Every structure is written in structure tokens, then in C-alpha cells.
Amino acid sequence: EALKVLGPLLLDDLEARRRACRSDADRAALRERIDGLTLLDPACGDGGFLEAARAALRGLEARIGGGPSRLRAEQLVGIERDPAAASEARARGFTVVTGNALRLDWSDVAPGLTYVFGNPPFVGRRFRSAEQREDLRRAWGGRTGHGVLDYATGWFIKAAECGVDAAFVCTSSITQGEQAAALWGPLAAMGCSISFAHRPVPWSEDAGVHVVVVGFSHRAGGPRRLFDGEQERMVGSIGPYLLADVPAVVRKEHRPLSPHAPPAAYGSMSNDGGHLLVGEDALEAMAADPVAGPALCPIVGGQELLRGRRRWCLWFDGAPPASPLLEPRLTAVRALRLASPRAATRAAAATPWRFVEPRPQGGRVLVVPNLSSGRRDIVPMAFFAPPTVVVAPHWCIPEAPLWLFAVLQSRLFTAWVATVAGRLKSDFRLSPGTVYNPFPFPPPNPELEATGAGILTARGDAPLGRLYRPGAMPQTLEEAHAANDDAVDRAVAGRALAARDERARAALEAWQAMQG
């Protein structure tokens with residue numbers, strides 16, 4: 001990973017200059033340029049990236065000629081919080097400061113700084129400690145919006161303030177969902193733009209984590225280098241989603257931007273420890289109970305949506321009469337809620353027969369999962385007839401028309417999700433505000449109604465999890481989706497599309513057009 005960072009950041013340019021040398025004077029000037037470098041890794045660990053930089057620069061000096069290496073220890077500087085790792089890096093011949101990089105002045109640590117690089121700690125926003133939250137607050141100063149960001153973004157803003165070219169390895173989350181706008185908006189306001197990037201690849205130690213390499217600078221204009229696996233392209237610009245020439249950053253919306261789209265609704269939150277839920281094993285006894293029986297209502301969560309599982313819940317509009325069958329369940333719900341640290345949950349202990357956040361849906365609903373495998377081409381969704389209780393964190397679109405279902409079951413919509421949604425490891429994290437409300441839905445049309453109906457017919461009664469296994473979609477369903485993709489591509493983009501990036505670009509362009 002080190003050379004993916006260091007090559008485009010500085011080594012490739014120095015090598016190109018070496019090849020362009022035509023005289024001893026040219027070579028001497030290049031040696032002086034190397035002499036003037038000061039490189040900082042502000043999360044250096046035991047010095048792995050610094051070692052890679054030193055080895056590459058010494059090799060370059062040897063190819064230039066003119067004597068032995070002149071690299072000095074003060075040119076290769078690190079910051080490391082762990083004393084043992086800092087000591088090891090120092091023993092390898094680097095200048096290393098032991099301390100918290102987000103609370104130090106980097107220009108004091110590395111006077112004459114020319115480049116910043118490294119691999120900041122991978123700590124998601126939900127896993128930050130109180131001290132790390134304070135670190136991030138200090139690093140971002142008075143700027144707002146950093147609460148949604150990963151810990152590593154503190155290194156990005158600190159590097160941007162230094163005014164030098166920088167590059168980091170980081171989790172792909174900084175180029176997805178809310179983080180894309182929260183990070184790259186402020187950096188753009190500071191005059192920074194992405195100069196090169198490696199698009200997401202699995203982290204070797206855990207295939208569920210994807211990482212990117214992103215370089216950024218204050219230099220305007222000029223071609224940018226975009227790497228996708230082993231392929232490299234020269235592009236005019238690289239946007240926050242690491243797409244070529246697409247600067248758009250989609251904002252979270254509280255209601256649909258498209259006038260054609262109905263509102264989405266969150267599922268109901270039970271917070272009951274499972275005691276208000278009823279599986280098939282307890283259904284017969286509950287159905288026979290004069291109090292519980294009339295209150296049974298089918299529920300839909302991830303297992304019901306994907307695997308065809310059947311479950312029910314107890315749904316009461318008011319306090320139920322006494323029932324020996326219900327009382328142990330309600331007692332357990334009451335105890336669970338009273339033990340909660342949240343005041344609102346403790347207050348809900350007074351109504352143990354009721355969901356903490358009940359959101360009943362009256363008619364037919366299109367249920368959307370809150371997570372979907374990043375390996376799928378389609379995010380599986382399905383209609384459920386009333387009465388149905390959708391359970392959080394899943395959500396739904398009440399009375400969704402068939403043309404809307406067609407759009408949401410297209411590969412274009414999945415390309416949009418893959419671009420703008422947050423992630424849980426490699427899975428898409430779907431929320432109405434991020435993926436549904438901002439989407440540029442086309443006007444309804446009969447062709448979309450027909451292709452949506454074709455998908456439902458091709459599905460039959462098989463569970464969605466079986467139908468939409470990555471790489472194993474039944475042929476008839478694949479043909480129905482191909483027809484639907486063609487109709488949706490033309491409705492949104494006005495042309496046939498193919499690759500995921502092409503569809504993502506078309507969706508983002510349609511979104512930009514909606515902004516006026």
C-alpha cells in the first residue's frame with residue numbers, strides 16, 4: 001500500500017524528472033530538489049511508510065548518480081502515539097515525535113514540510129472513544145458536520161491546513177454516504193481537490209473492509225490520476241465519490257425531491273427484547289387466547305423479506321385486559337425497559353404492550369431492507385399486503401406504485417446506492433434520507449409499469465434471498481431485470497447504459513439537473 005500512496009504523491013514525478021535530465025546540471029538540480037524534501041507520516045507506527053519512502057528515494061539518488069545518498073534523518077519525520085512503536089521507528093533512523101498527532105502543530109514537528117502521507121487509524125464514528133471525539137473536534141476546529149466522520153478524517157483536515165500535497169490510505173467510508181459531503185465539502189472550501197485516487201479494494205487482513213488511497217492538493221487544474229485495480233486513467237477531475245469528472249455530492253434529504261415519488265416511512269421500533277414478537281412455535285397458543293389472538297399482526301423484517309420466514313407481533317391500540325398468557329411477556333418487557341439508560345425507553349415501561357415507536361401502515365407497502373449485500377446487482381424489495389407491521393431498522397414505501405418498484409429494482413438504482421449510501425463493511429446501508437429521498441425518479445410511464453410487473457411474475461413465490469444470490473439469479477428473472485434495466489436507463493438517462501459507473505454517473509447527472 002505504501003507505494004500506491006508514495007508513487008503518485010511524489011515518486012513518479014521525481015522519476016519523470018530524472019528521465020528528463022540531459023546534463024550534469026540537470027541531475028545536480030534534481031539532487032538538490034530531493035535534498036529539500038521534508039516528508040511527514042503523522043501516524044507512522046514503527047516507520048513502515050517512512051522506510052518505503054527512504055528506500056525509494058535512495059534508489060532514485062543512485063539512478064541519478066553524483067555520489068552516495070544525502071538523505072538526512074530530519075527529512076523523514078513521523079508522529080506516533082504509541083511509545084514502543086515510536087521508539088522502534090526512531091531506531092530505524094527516522095525523526096519521530098511521540099504524541100497525539102491531532103493535538104500537535106505539524107509545522108512545528110516538521111519544519112519546511114513538503115509532503116504528508118500515511119495510514120491513519122481506522123476508527124468508525126460509532127466506535128470513537130470520548131477522547132477520540134475530542135481529538136476530532138479539536139482537529140476540525142469550529143467547522144460543523146464532523147460528528148458523522150470517521151476518526152481518520154482528522155488527519156485529512158490537518159494535512160489540508162498545512163497547504164502541502166498529501167495522500168492517505170483510509171477506509172472507503174470517507175467517499176460514501178454522508179461522509180463524502182461532510183469531508184470533501186470543507187476541504188474544497190479550503191482550496192483542496194483530489195489529485196489521484198485508488199478506488200475501493202478489500203483490505204488484505206479483512207475482506208469485509210474496503211480501503212481507498214486518496215491524494216489531495218491545493219493545486220488547481222491539470223489531469224488527475226484515477227486507479228481502478230491495475231487500470232489507470234487520466235481524467236479531468238475526481239469527485240468525492242471517486243468518479244471521474246463528477247463533482248456532485250448528494251445531500252441527505254428529509255422528503256423526496258422528485259414530485260413523482262411518495263414518501264417513505266420508517267419501520268416500528270419494538271424495544272421489547274422479543275417478548276412482543278411471536279414465532280410459529282407459539283402461534284397456535286396465542287391465536288387461541290381471547291386477548292392475544294385478535295392482536296396478532298404479521299411483521300416484516302430482514303428474515304421475512306429475504307427468506308420467507310413468518311412471524312407475528314402483538315399489536316394493541318390500548319391496554320389489553322388481563323391474560324395469564326400475556327402477563328409474563330409484558331412483565332419481561334417492563335423490566336427490560338426500566339433497565340435502559342435512556343429516559344424515553346424507561347418511560348415506555350408504563351405501556352409494555354405497546355411498541356416504543358409504533359408506526360402502523362394501513363395499506364400495501366413496499367419493504368426496503370436497511371442493509372443489502374454489496375455483491376448484489378439488485379437491492380431486493382417486495383410488496384406486503386395489509387395488515388403488516390414493518391419492523392425497524394427496515395423501512396417501507398406505503399402504497400408504492402408499480403413504476404416506482406421498477407425503478408427501485410433496477411441496476412441503475414443499485415449503482416446510485418453503491419455510490420451515495422454508507423456501508424457496513426462491504427454491505428450497503430440504506431436509509432430513506434440518503435438513498436431514496438434524493439433519487440431523481442423519472443415521471444411514471446406504462447413501460448415501467450410493465451417491466452415492474454414482469455419482475456414480480458418472474459419471481460414467483462421463491463424467497464428473495466434465493467432469487468438474488470450474487471451471480472445465481474434464475475434466467476427468467478435475469479431476463480425480466482434486463483428488460484427493466486433498459487426501460488429505467490432510458491427513462492432516467494435517455495439512453496442505454498452498461499457498467500455500474502456509467503449508471504452512477506447518469507443518476508448523479510440527473511440529480512444535478514433536479515437542483516436547477
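Side-chain atoms are counted along with the backbone in the values below, which use heavy atoms only and exclude waters and symmetry mates. Fair warning: this is a prediction, and the values are worked out from it, not measured in the lab.
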Note: Ile157 and Ala139 closest approach over all heavy atoms is CG2-O, 3.5 Å
For the backbone of Phe383 and the side chain of Arg364, can you confirm whether one donor and one acceptor N or O come within less than 3.5 Å of each other?
no
Tested for side-chain contact (heavy atoms from CB on, under 4.5 Å) against Asn437, the lone hit among Ser258, Pro256, Pro263, Ser431 is Pro256
Which of these, Trp140, Phe168, Tyr151, sits in a ring-ring contact (aromatic ring centres under 6.0 Å, His included) with Phe156?
Phe168
Is the backbone N or O of Ala348 less than 3.5 Å from a side-chain atom of Arg337, with the two atoms forming a donor-acceptor pair by type?
yes
Any side-chain heavy atom of Leu430 sitting closer than 4.5 Å to one from Asn370?
no
Value rounded to 0.5 Å, distance of CZ in Arg81 from CG in Asp135:
5.5 Å
Are any of the side-chain heavy atoms of Val420 and Phe439 separated by less than 4.5 Å?
no
Ser372 OG to Arg429 CZ distance, which is reported to the nearest 0.5 Å
13.0 Å
Rounded to the nearest 0.5 Å, what separation is found between the CG atom of Leu187 and the OG1 atom of Thr153?
9.5 Å
d(Leu226 CG, Ile194 CD1) to nearest 0.5 Å is 9.5 Å
How long is the span from the CZ atom in Arg469 to the OG atom in Ser373, to the nearest 0.5 Å?
13.0 Å
Check the surroundings of atom CZ in Arg310: do more than 12 heavy atoms from other residues, nucleotides or ligands lie under 6.0 Å from it?
no
Find out whether Trp315 and Pro387 are in side-chain contact, i.e. whether some heavy atom of one side chain is under 4.5 Å from a heavy atom of the other.
no
Begin from the C-alpha positions of Arg138 and Glu131 and carry the test salt bridge (charged side-chain N to carboxylate O under 4.0 Å, His left out) through to its verdict.
CA-CA 11 Å; Arg138 293 191 185 197; Glu131 183 179 6; over 6 Å; no
Are the side chains of Pro240 and Leu183 in contact, using a 4.5 Å heavy-atom criterion?
no
Going through the distances and angles, do Asp486 and Arg490 end up as a salt bridge (charged side-chain N to carboxylate O under 4.0 Å, His left out)?
CA-CA 6 Å; Asp486 180 65; Arg490 287 185 285 105; 2.9 Å; yes
Closest heavy-atom pair, Asp272 versus Val333, reported as atoms and distance to 0.1 Å, is O-CG2, 3.7 Å
Audit row: Arg199, Leu243, side chain to side chain contact (heavy atoms under 4.5 Å, CB included) steps and yes/no:
CA-CA 9 Å; Arg199 301 198 62 205; Leu243 291 173; 3.9 Å; yes
So which heavy atom on Asn445 is nearest to which on Glu447, and how close?
OD1-N, 2.9 Å
Can you give me every donor-acceptor pair (side chain of residues 397-409, partner residue at least two apart or in another chain, under 3.5 Å) with its distance?
unit_1, atom_1, unit_2, atom_2, d
Gln409, OE1, Met381, N, 3.3
Gln409, OE1, Arg459, NH2, 2.6
Gln409, NE2, Val379, O, 2.7

Phe441 vs Tyr436, test: ring pair (Phe, Tyr, Trp, His ring centres under 6.0 Å). Steps then yes/no.
CA-CA 9 Å; Phe441 286 98; Tyr436 178 74; 5.3 Å; yes
Kindly assign one of parallel, tilted or perpendicular to the pair His198 and Phe227, based on the angle between their ring planes and the thresholds 30° and 60°.
parallel
Using modelled atom types and a 3.5 Å cut-off, is there a donor and acceptor pairing between side-chain atoms of Gln179 and backbone atoms of Gln176?
no
Is the number of heavy atoms from other residues, nucleotides or ligands within 6.0 Å of CZ (Arg307) greater than 12?
no
Here the pair of heavy atoms bringing Ala197 nearest to Ile238 is N-CD1, 4.0 Å
Applying side chain to side chain contact (heavy atoms under 4.5 Å, CB included) to Leu314 and Leu296, what does each step give before you reach the verdict?
CA-CA 5 Å; Leu314 296 165; Leu296 286 171; 3.9 Å; yes
Are Glu134 and Arg137 within salt-bridge range, i.e. N to O under 4.0 Å?
yes
Do the side chain of Glu178 and the main chain of Lys252 share a donor and acceptor less than 3.5 angstrom apart?
no
Between CD of Glu478 and CG of Asp377, what distance do you get to the nearest 0.5 Å?
7.5 Å
Do the side chains of Arg311 and Leu283 get nearer than 4.5 Å, heavy atoms only?
no
Side chain to side chain contact (heavy atoms under 4.5 Å, CB included) assessment of Trp184 paired with Val214:
CA-CA 11 Å; Trp184 297 105; Val214 183; 3.5 Å; yes
Between the main-chain N or O of Gly302 and the side-chain N or O of Arg309, is there a donor-acceptor pair closer than 3.5 Å?
no
Could you go through the side chain to side chain donor-acceptor pair (under 3.5 Å) check for Gln515 and Arg251 one step at a time?
CA-CA 11 Å; Gln515 310 308 302; Arg251 297 181 298 273; 2.9 Å; yes
For Arg329 against Ala282, the heavy-atom pair lying closest together:
NH2-CB, 4.0 Å
Does Arg503 use its side chain to pair, donor to acceptor, with the backbone of Ala498 at less than 3.5 Å?
yes
Is there side-chain contact between Val492 and Trp511, with at least one heavy-atom pair below 4.5 Å?
no
Student check: side-chain heavy atoms of Trp416 and Val435 closer than 4.5 Å:
yes
Given 3.5 Å as the limit, does a donor-acceptor pair link the side chain of Arg346 with the main chain of Pro341, or not?
yes
Between Tyr241 and Thr175, is the side chain to side chain contact (heavy atoms under 4.5 Å, CB included) condition met? List the steps.
CA-CA 5 Å; Tyr241 299 123; Thr175 62; 5.7 Å; no
Taking side chain as C-beta onward, heavy atoms only, is Val300 less than 4.5 Å from His394?
no
Closest non-hydrogen atom pair, Phe316 against Leu326:
CZ-CD1, 3.6 Å
